[in-house]
Amino acid sequence: MIDLRVLRDAPELAREAQRRRGASPELVDQILAADEARRSAIAAFEELRAEQKALGKHVARAQGEDRQELLRRTRELATQVKRAETTQAAAAADVNSVLRQLPNLASPQAPAGGEDDYVVLEHVGSPRNFNAEGFEPLDHVELGKRLQAIDIERGAKVSGARFYYLTGVGALLELALIQLAIERAQAAGFTPMIPPALVKPRAMEGTGFLGQAAADVYHLPDDDLYLVGTSEVPLAAYHSDEILDASSLPRRYAAVSPCYRREAGSYGKDTRGIFRVHWFDKVEMFTYTTVEESYAEHERLLQWEKDWLTMLELPFRVIDTAAGDLGLSAVRKFDCEAWIPTQGKYRELTSTSNCTDFQARRLNIRSRFADGAKHVATLNGTLMATARTIVALLENHQQADGTVAVPEPLQPYLHGRKTLDPVE
RNA sequence: GGAGGUGUCGCCUAGCCCGGUUUAUGGCGCCCGCCUGCUAAGCGGGUUGAGGGUAAUCCCCUCUCGCGGGUUCAAAUCCCGCCACCUCCGCCA
């Protein structure tokens with residue numbers, strides 16, 4: 001949610017941000033008109049209410065005929081006050097409903113345009129040349145079968161398309177990755193968390209996932225609960241309606257949680273394997289800080305993501321996502337895309353967004369500073385999303401003899417195993 | 001799932017039975033000042049948040065006692081619904 005005062009003071013800034021996203025600048029003017037109506041409704045109500053309160057005090061003291069006369073006046077006033085209050089509440093709800101549709105103001109640094117208008121910031125490492133090594137790389141589905149690490153057929157049998165079982169060494173690999181990721185995060189100052197994966201509408205709405213992304217969210221109508229697509233949701237809502245001690249900022253949390261995504265609208269895409277699935281587990285970084293500090297924190301989150309992929313010896317590139325591809329809450333987003341040999345492409349493994357005070361405004365999260373209470377900034381970043389990380393690891397580290405090399409930092413978490421071996 | 005209890009401005013707390021001088025009391029903490037060899041103590045003042053009038057850190061007004069309704073001229077206070085927590089019972093990994 002954007003500060004109404006910002007919109008009033010600099011509407012052109014907001015219109016421009018909308019254009020960069022390829023979204024409607026007229027929405028800004030709709031909001032301003034609704035705000036105008038709201039303010040005049042408030043003024044009308046408050047004037048009547050003040051009069052009512054003043055007369056009410058006289059009633060308390062008045063006697064006899066004076067009292068009867070006053071009561072006649074106040075009774076009439078009461079119906080007027082009630083009506084004005086209803087009008088005012090409706091006007092406020094109007095503003096709220098249009099204001100909530102407005103996404104965060106895309107950063108001027110974010111490239112304008114849509115999904116394909118990203119800017120590549122850098123490459124780290126380089127893809128292996130399997131030809132030169134004299135063998136054809138297998139994809140993760142085949143590797144997963146040979147290692148008996150991934151069972152896709154039975155995933156589909158039990159739960160349907162885009163589900164899978166991690167089995168044997170595959171299950172151990174996920175646990176090892178989670179363990180390593182959490183330890184790295186803790187070393188970087190993050191508090192480890194295991195949050196609930198089911199949340200109330202407020203948390204979903206507050207993080208911006210019930211807007212354009214609503215179709216991708218699982219909902220349990222009997223209980224009016226949502227399955228989270230990322231632990232960003234319970235981590236952001238964690239401090240909702242709180243005033244955080246300024247000296248406690250930045251607060252950094254790293255959560256491990258399952259993530260559920262309907263993948264609506266991605267029907268033909270990535271149907272093979274476990275690259276795009278309805279459920280996966282993830283270690284997510286989340287920071288509460290000041291808006292001023294958020295830009296530097298965003299760079300730090302990106303750096304931790306890069307360090308992680310580098311540690312796993314995965315070749316990757318970093319892109320600066322275009323404004324039109326930002327989530328509702330974000331002003332800027334960086335993705336780390338790892339090289340997937342059998343796809344011959346870089347694919348998103350991690351993503352970090354700066355939401356400035358957009359989510360904090362919706363979730364009412366503030367901090368007290370010298371110049372008063374202000375909304376904090378929230379940022380999120382993937383540290384490790386299991387399914388995709390496993391895809392990248394298997395494919396990039398496979399060897400001619402059919403084994404998969406385990407990156408050294410991960411070995412202690414796999415009982416010292418240096419390779420994952422095919423099961424005969 | 002059932003019964004009972006609790007929910008007040010950072011924390012604790014008074015007020016609720018019996019609606020109106022409540023501008024929600026007091027303490028702790030915090031901030032400013034005074035006093036003071038230093039520290040502590042003491043003294044005085046300030047301290048919920050949001051919104052509107054305003055360009056405004058002055059001032060005025062409205063809202064805010066878990067949330068939402070209702071009754072009333074008037075609701076922290078009375079009534080209804082909901083939520084959370086606590087105690088007990090039931091069920092359960």
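Residue numbers start from 1 in every chain, and the chains themselves are labelled A, B, ... in the order their sequence lines are given, proteins ahead of strands.
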RNA chain B contacts made by residues 3-15 of chain A, counting heavy atoms under 4.0 Å | R5(A), R8(A)

Which residues within residues 74-81 of chain A lie with some heavy atom under 4.0 Å of an atom in RNA chain B?
->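 Heavy-atom cutoff 4.0 Å gives T74(A), R75(A), A78(A).
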
Using Watson-Crick pairs (N1 to N3, plus N6-O4 or O6-N4) and G-U wobble pairs, both distances under 3.5 Å, which stems of at least 3 pairs involve RNA chain B?
->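 Stems for RNA chain B, defined as runs of 3 or more consecutive pairs: B:1-7 with B:83-89, B:10-12 with B:26-28, B:29-34 with B:42-47, B:49-53 with B:59-63, B:66-70 with B:78-82.
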
Can you say whether the rings of H219(A) and Y226(A) are parallel (under 30°), tilted (30 to 60°) or perpendicular (over 60°)?
-> parallel

Once the angle between the rings of W279(A) and Y164(A) is folded into 0 to 90°, is it parallel (under 30°), tilted (30 to 60°) or perpendicular (over 60°)?
-> parallel

With a non-hydrogen cut-off below 4.0 angstrom, is I42(A) in contact with a base, only sugar-phosphate, or nothing?
-> sugar-phosphate

Output all residues satisfying salt bridge (charged side-chain N to carboxylate O under 4.0 Å, His left out) with R276(A), sequence neighbours left out; order by chain, then residue number.
-> E263(A), D270(A)

With sequence neighbours excluded, give me every side-chain hydrogen bond (donor to acceptor under 3.5 Å, both in side chains) pair touching residues 73-89 of chain A.
-> none

Whether each nucleotide of nucleotides 57-63 of chain B has a protein heavy atom under 4.0 Å at its base (B), only at its sugar-phosphate (S) or at neither (-) is summarised, 5' to 3', as ----BBS

Does the side chain of S257(A) come under 3.5 Å of the side chain of D281(A) through a donor N or O and an acceptor N or O?
-> no

Could you state the atom-to-atom distance from CG of L244(A) to P of rC11(B) in whole Å?
-> 13 Å

Backbone of H140(A) reached by a side-chain donor or acceptor of E395(A) within 3.5 Å =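 Indeed, once roles are kept as given, a pair shorter than 3.5 Å links the two residues.
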
rA50(B) phosphate, OP1 or OP2: any side-chain N/O from R366(A) under 4.0 angstrom?
-> yes

Heavy-atom side-chain contact between V228(A) and Y218(A) under 4.5 Å | no

